[in-house]
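In what follows, a structure is listed as structure tokens, so that the remarks can point back to it.
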Amino acid sequence: MLDIKKLRENPDEISRRLALRGKTYDLQAVLALDQDRRRLQTETEKLKSERNSASKEIGRMKKAGESTDAMQESVRKTGERIAEIDAELKGLEQRQHEAMLMIPNLPHASVPAGASEADNQLVRTWGSPREFSFTPAPHWDIGARLRILDFERAARMSGAGFPLFRGAGARLERALIQFMLDLHTTQHGYTEIAPPFLCGTDAMTGTGQLPKMAEDMYQLAGEQLYLIPTAEVPVTNIYREEIISEPLPLSFVAYTPCFRREAGAAGKLTRGLNRLHQFDKVELVKIVEPAKSYEAHEQIVSHAEAVLRKLGLHYRVLELCTADISFAAAKCYDLELWAPGQNAWLEVSSCSNFEDFQARRAGIRYRNAEGRVEYVHTLNGSGVALARLYVAILENYQEADGSVVIPEVLRPYMGGLERIQPAS
RNA sequence: GGAGAGGUGGCUGAGUGGCUGAAAGCGGCAGAUUGCUAAUCUGUUGUACCGGGCAACUGGUACCCCGGGUUCGAAUCCCGGCCUCUCCGCCA
């Protein structure tokens, strides 16, 4: 959520920066609501002040044995007027709040302007595509041949878009999770969190999934609970409605499954593990002082990159343009892995700085050096998403005989297994 | 799921209609003092919003789990909800 005070002071500037996202937002409507709201608030508070002093006076008079009937009647009328104004005020507050929740974050000044994802900027590339002496297969063929992926049977029980890992394939998934958690906790200073996988409306609103993304989430029938689309939700919301008393920065890493309806996502690159309703992810979250957030942002990116480097996977880093950063983000980098079996780049990490946008929604604050209460900055980045990482491993480490070599850093987590062989 | 108890400031914990934004203690902060690594004394110490001031600050309103209600007036009374604890049931 944006700061209403800044919006009041600088509507044109804010409007201009929002327009960089490629859509226009009606700030005048919010400002009009805000003005009416403040007028009513001043009015009702003045009446309440009168009522408070009159009520105290009645108390004194009663004690003195004086008659208070006329005064009580007068205060009762004031009370009725207050109730009317408060009802109107409440409506305005709600409408203003709802309107504010629909306005996205301002892109940071450093974010390249652009009209679509085609305008995202390539920041750097690491490694190079592996040379194959044979035509590399897509992962769904590799997985089927090795009998480690079974989409058909998963679909029978859950429909399309759900993975079923088997044998060494299931262990590989688990090994990747363990490897990443260990890397981030022991090398990068993150504290491991195992959070709830279902969250309520307030948490979802706090990080920005609601109200805009309701259609993308699974909601439980008869419950005000959603399956989390990312660990960002439960982890960032740890300190919702708190003034954090622990020293900043706070760095958390969490493994969770992620659930996404992916409504309307049919089309390219949806086969196999490319796009799922359920996938595993190791997520990095940082809560930092405002002045340090851009430094922390670069750190998160480097921590996600460390995973890919240790696995020896060719990747590139993109800086998203103003049209492509997500609703809540002020700035975002994407990490994409090369998938030779599909001749495509696959997004495995999205690292965002939300500045105080989520903190303001979720009420996450701290005391700065002067002792003043201030909103924190929140960041997160996938460190990294499993399914497409898994794709890249199968497609990059495949051999002509149909086997897949296990990257060395994963072998300790695979009981020393060096290679997944086709069933004979 | 059933029965009971309870949810007050950073913490412990008083408070059953006006004198309570809230006692007391602890903790924190500031000062004083003491020669012993800490004690004693004094003062101070919540959040949000609206208004005034460049600002330090200041006037007001709201907040004692949340939402309604009663009343001139609610932390205090009534109703609904949520959560925690104990016991029982069920269960990985």
Side-chain angles (χ1 to χ4, degrees), chain A residues 1-10 30-101 194-206 210 219-220 222-226 234 237-248 250 257 287 356-376:
Chain A
M1 194 152 56
L2 299 182
D3 184 350
I4 185 67
K5 288 183 197 140
K6 296 220 172 81
L7 212 156
R8 257 180 234 151
E9 289 161 14
N10 255 326
V30 183
L31 287 171
L33 284 170
D34 182 54
Q35 202 167 9
D36 290 349
R37 192 204 97 232
R38 284 187 293 157
R39 202 195 69 235
L40 286 184
Q41 181 169 340
T42 306
E43 200 179 331
T44 184
E45 285 183 358
K46 188 162 156 272
L47 290 174
K48 282 174 182 168
S49 178
E50 287 171 22
R51 178 175 67 179
N52 285 345
S53 42
S55 291
K56 278 196 177 130
E57 180 60 20
I58 288 169
R60 270 193 293 273
M61 289 164 76
K62 283 204 163 177
K63 205 169 277 177
E66 300 171 35
S67 164
T68 58
D69 291 358
M71 196 143 175
Q72 286 192 29
E73 175 60 13
S74 144
V75 177
R76 195 184 56 73
K77 281 191 176 136
T78 305
E80 281 171 7
R81 179 76 188 120
I82 288 171
E84 283 169 27
I85 299 174
D86 277 353
E88 199 181 338
L89 178 62
K90 198 174 172 186
L92 282 173
E93 278 170 351
Q94 196 177 335
R95 279 165 61 202
Q96 181 182 346
H97 185 68
E98 280 164 7
M100 290 296 288
L101 286 179
F197 299 161
L198 280 71
C199 283
T201 311
D202 291 340
M204 290 295 179
T205 306
L210 288 178
Q219 182 175 15
L220 266 63
E223 304 261 3
Q224 283 298 314
L225 284 172
Y226 297 84
N237 275 289
I238 289 174
Y239 291 97
R240 196 171 70 82
E241 301 302 338
E242 282 193 43
I243 297 169
I244 299 174
S245 54
E246 298 164 64
L248 301 180
L250 292 164
I287 296 175
D356 65 3
F357 188 84
Q358 293 181 326
R360 195 176 293 280
R361 285 176 162 243
I364 309 170
R365 292 151 294 164
Y366 81 114
R367 266 178 217 286
N368 64 21
E370 291 83 52
R372 296 210 176 274
V373 174
E374 196 180 353
Y375 287 108
V376 298

For this session: Using whole Å, report how far CG of Leu225(A) lies from P of C83(B).
Result: 10 Å

For this session: Whole angstrom is fine here: how far is it from NE2 in His97(A) over to C1' in A48(B)?
Result: 14 Å

Seminar exercise, completed: Any strand, both distances under 3.5 Å, Watson-Crick or G-U wobble: G73(B) pairs with none

Problem set entry | Nearest-angstrom distance, P atom, C65(B) to G21(B) | 16 Å

Exercise. When the P atoms of U40(B) and G59(B) are considered, how many whole Å apart are they?
Worked result: 35 Å

Seminar exercise, completed: Answer for the Watson-Crick or wobble partner of C87(B), both distances under 3.5 Å, is G2(B)

Problem set entry | Any residue meeting side chain to side chain donor-acceptor pair (under 3.5 Å) with Tyr366(A), in chain and number order, not counting sequence neighbours | Glu374(A)

Problem set entry | Side-chain touch Lys48(A)/Asp86(A), heavy atoms, less than 4.5 angstrom | yes

Problem set entry | Qualifying residues under side chain to side chain donor-acceptor pair (under 3.5 Å), relative to Ser55(A), sequence neighbours excluded | none

Problem set entry | Nucleotide-resolved protein contact map, nucleotides 55-68 of chain B, B/S/- at heavy-atom distance under 4.0 Å | -SS--BBS----SS

Problem set entry | Listed partners of Glu84(A) passing salt bridge (Lys or Arg N to Asp or Glu O under 4.0 Å), at least two apart | Arg81(A)

Exercise. Taking only residues at least two apart or on different chains, which pairs with a member in residues 90-99 of chain A satisfy salt bridge (Lys or Arg N to Asp or Glu O under 4.0 Å)?
Worked result: none

For this session: Under the side chain to side chain donor-acceptor pair (under 3.5 Å) rule, collect the residues that match up with Asp3(A), sequence neighbours excluded.
Result: none

Problem set entry | With Glu88(A) via side-chain contact (heavy atoms from CB on, under 4.5 Å) - residues at least two apart | Leu40(A)

Exercise. Starting at CD of Glu43(A) and ending at P of G51(B), how long is that distance when rounded to a whole Å?
Worked result: 14 Å

For this session: Can you sort out which residues in residues 70-88 of chain A have a heavy atom within less than 4.0 Å of RNA chain B? Ascending by number, please.
Result: Gln72(A), Val75(A), Arg76(A)

Problem set entry | Rounded distance (Å) that lies between atom C1' of G27(B) and atom CZ of Arg367(A) | 14 Å

For this session: Kindly say whether Gln41(A) contributes a backbone atom to a donor-acceptor pair with the side chain of Thr44(A) at under 3.5 angstrom?
Result: no

For this session: Sticking with atom P, work out how far A23(B) lies from U47(B), rounded to a whole angstrom.
Result: 16 Å

Seminar exercise, completed: In short, Cys199(A) meets Met204(A) closest at the heavy-atom pair CB-CE, 3.9 Å

Problem set entry | Beyond-backbone contact of Arg39(A) with Gln35(A), side-chain heavy atoms, under 4.5 angstrom | no

For this session: With C1' as the reference atom in both, quote the distance from U70(B) to A74(B) in angstrom, rounded to an integer.
Result: 10 Å

Exercise. Can you tell me how far the CG atom of Leu2(A) sits from the CZ atom of Phe357(A), to the nearest 0.5 Å?
Worked result: 6.0 Å

For this session: Round to the nearest Å and state the distance from Glu66(A) atom CD to C72(B) atom C1'.
Result: 15 Å

For this session: Could you pull out all residues at least two apart from Arg60(A) that satisfy salt bridge (Lys or Arg N to Asp or Glu O under 4.0 Å)?
Result: Glu57(A)

Exercise. For A92(B), which nucleotide in any strand shown is its Watson-Crick or wobble partner with both distances under 3.5 Å?
Worked result: none

Exercise. Between C82(B) atom C1' and Glu241(A) atom CD, what is the distance in whole Å?
Worked result: 15 Å

Exercise. Hey, which of these two, Val373(A) or Asp34(A), hits RNA chain B nearer its 5' end, going by closest nucleotide?
Worked result: Val373(A)

For this session: Quote, to the nearest angstrom, the C1' distance that separates A48(B) from A39(B).
Result: 39 Å

For this session: Please state how far atom CG in Asp69(A) lies from atom P in G73(B), giving the value in whole angstrom units.
Result: 15 Å

Seminar exercise, completed: Mate of A55(B) across any strand shown (Watson-Crick or G-U wobble, both atom pairs under 3.5 Å) is none

Exercise. Can you tell me how far C1' in G15(B) sits from the matching atom in A32(B), rounded to whole Å?
Worked result: 34 Å

Exercise. For G10(B), which nucleotide is its Watson-Crick or G-U wobble mate, given both distances must be under 3.5 Å?
Worked result: C26(B)

Exercise. For C63(B), what is the paired nucleotide under Watson-Crick or G-U wobble rules, both distances under 3.5 Å?
Worked result: G46(B)

Problem set entry | Between P of C83(B) and CZ of Arg240(A), the distance in whole Å | 14 Å

Pick out the pairs of N or O atoms, protein on one side and nucleotides 18-23 of chain B on the other, that lie under 3.5 Å.
{"residue": "G18(B)", "atom": "N2", "partner": "Ser55(A)", "partner atom": "O", "Å": "2.7"}

Seminar exercise, completed: Lys77(A) meets the salt bridge (Lys or Arg N to Asp or Glu O under 4.0 Å) criterion, sequence neighbours left out, with Glu73(A)

Seminar exercise, completed: By side chain to side chain donor-acceptor pair (under 3.5 Å), Gln96(A) pairs with (sequence neighbours left out) Asp34(A), Arg37(A)

Exercise. Taking the C1' atom of each, how far is G35(B) from U20(B), in whole Å?
Worked result: 44 Å

Problem set entry | Opposite nucleotide pairing with G31(B), Watson-Crick or G-U, both atom distances under 3.5 Å | C41(B)

Exercise. Taking atom C1' in both G2(B) and U8(B), what distance in whole Å separates the two?
Worked result: 30 Å

Problem set entry | U47(B) OP1/OP2 closer than 4.0 Å to side-chain N/O of Arg365(A) | no

